[in-house]
Number of protein chains: 2
Amino acid sequence: MLMRIGQVAKRAGVNVETIRFYERKGLISQPLRTSGGYREYPHEAIARIRFIKRAQELGFSLTEITELLSWQTDPRATCADVKQKAEAKISTIHGRIKDLQKMKRSLEQLAAACKGSGPLNDCPIIDCFETQKEKED
Amino acid sequence: MLMRIGQVAKRAGVNVETIRFYERKGLISQPLRTSGGYREYPHEAIARIRFIKRAQELGFSLTEITELLSWQTDPRATCADVKQKAEAKISTIHGRIKDLQKMKRSLEQLAAACKGSGPLNDCPIIDCFETQKEKED
DNA sequence: ATACACTCCGTACCATGGTACGGAGTCAAG
DNA sequence: CTTGACTCCGTACCATGGTACGGAGTGTAT
């Protein structure tokens with residue numbers, strides 16, 4: 001029933017080093033040890049690592065995941081806490097998407113204006129980077 | 001006409017340390033020195049730092065900007081090189097946007113499914129993180 | 001009994017884009 | 001001629017999310 005770190009890593013799809021890293025960071029609690037000093041994990045450890053990975057895929061940082069995990073076992077934590085966190089994350093992601101879309105639009109305009117042949121003298125892309133927008137000091 | 005590092009930093013809107021950092025990284029060439037050992041910059045140095053900043057705003061990394069800058073003064077570099085780089089960047093940004101949109105959609109679905117009250121027992125967000133997707137080893 | 005796989009630990013290292021520190025030297029004004 | 005602002009340099013440090021290393025101990029199979 002109990003597993004050693006290598007098997008947990010394999011079944012959770014991460015490196016052994018990553019598990020130790022999560023333990024150091026407090027995302028995974030210190031497991032019991034065998035008489036020989038080996039870490040012994042219950043089956044739930046795999047679920048916990050998967051929890052971390054899925055939350056990461058949804059854009060949460062390890063620091064935020066630490067908070068989510070602490071709520072998971074805190075009887076005072078409410079659905080509202082989690083929902084609020086999710087909504088804050090949605091809004092952060094939204095902002096990031098907007099930024100990237102702006103970048104993309106600018107680049108697309110520049111690329112469209114660039115005929116794509118000849119030397120750089122009049123390349124609109126390079127021109128854009130070179131344009132002076134200096135404020136006098 | 002020539003400026004010292006502090007003035008360049010001020011006029012370009014970056015820290016002195018950032019200019020030294022760019023110099024170490026090869027984004028800015030080693031400037032001439034005064035007899036006292038101070039760096040002396042021509043006016044174009046400001047333009048070069050602004051070039052870096054604008055390219056960064058459009059999503060280019062310092063490594064990529066180094067390449068763009070080297071092209072800027074290379075007579076063999078063509079518009080096509082730059083355009084190709086811009087289009088590659090557009091496509092990278094596009095991919096990143098898609099990823100973020102996927103994250104956002106998933107989070108929105110979870111947040112919508114979460115009534116936002118009561119304890120965590122049945123919170124669909126936490127449930128999602130907890131869901132087992134184990135492959136048998 | 002010995003080879004081999006696994007695990008232990010601390011620490012260093014990777015990329016990214018800087019920021020901070022501290023002791024020394026330079027330069028201009030008062 | 002001293003004060004204060006600026007600059008010099010190398011190095012360490014920040015966050016982020018891990019990965020790699022190396023020497024030692026453990027556990028198991030043959």
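Lettering of chains follows the sequences in order, A, B, ..., and the numbering in each one begins at 1.
Rotation axes derived from the C1' atoms of the five outermost pairs at either end of the helix from dA1(C)-dT30(D) to dG30(C)-dC1(D) lie 30° apart, to the nearest 10°.
In this structure, the side-chain hydrogen bond (donor to acceptor under 3.5 Å, both in side chains) partners of Q56(A), at least two apart in sequence or on a different chain, are K53(A). Annotation: salt bridge (charged side-chain N to carboxylate O under 4.0 Å, His left out) contacts of E64(A) (sequence neighbours excluded): K89(A). Listed by chain and residue number, A80(A), D81(A) satisfy the side-chain contact (heavy atoms from CB on, under 4.5 Å) test with T78(A) (two or more places apart in sequence, or in another chain). Not counting sequence neighbours, the partners of D74(A) by the salt bridge (charged side-chain N to carboxylate O under 4.0 Å, His left out) test are R76(A). Judged as a side-chain contact (heavy atoms from CB on, under 4.5 Å), and not counting sequence neighbours, the contacts of T18(A) are V14(A), N15(A), Y22(A). The side-chain hydrogen bond (donor to acceptor under 3.5 Å, both in side chains) search around Y38(A) returns none, not counting sequence neighbours. Not counting sequence neighbours, the partners of E67(B) by the side-chain hydrogen bond (donor to acceptor under 3.5 Å, both in side chains) test are K85(B).
E17(B) has its CD atom 12 Å from the C1' atom of dG22(C), to the nearest Å. Taking atom CD of E23(B) as the reference point, atom P of dT7(D) lies 14 Å away to the nearest angstrom. Atom pair I19(B):CD1 and dT7(D):C1' shows a separation of 12 Å (rounding to whole Å applied).
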- Task: For nucleotides 13-18 of chain C, just jot down a letter per nucleotide in 5' to 3' order: B, S or -, based on protein non-hydrogen atoms under 4.0 Å.
- Result: ----BB
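Residues in residues 97-118 of chain A take part in these salt bridge (charged side-chain N to carboxylate O under 4.0 Å, His left out) pairs, two or more places apart or across chains: K104(A)-E108(A). Residue pairs meeting the salt bridge (charged side-chain N to carboxylate O under 4.0 Å, His left out) criterion with at least one member in residues 30-42 of chain B, sequence neighbours excluded: E23(B)-R39(B).
Within residues 31-41 of chain B, the residues that have a heavy atom under 4.0 Å from DNA chain D are, in order of number, R33(B), G37(B), Y38(B), R39(B).
Side-chain N/O atoms of R20(B) include none lying less than 4.0 angstrom from OP1 or OP2 on dC8(D).
Between the T66(A) side chain and the L62(A) main chain, a donor and an acceptor come within less than 3.5 Å of each other.
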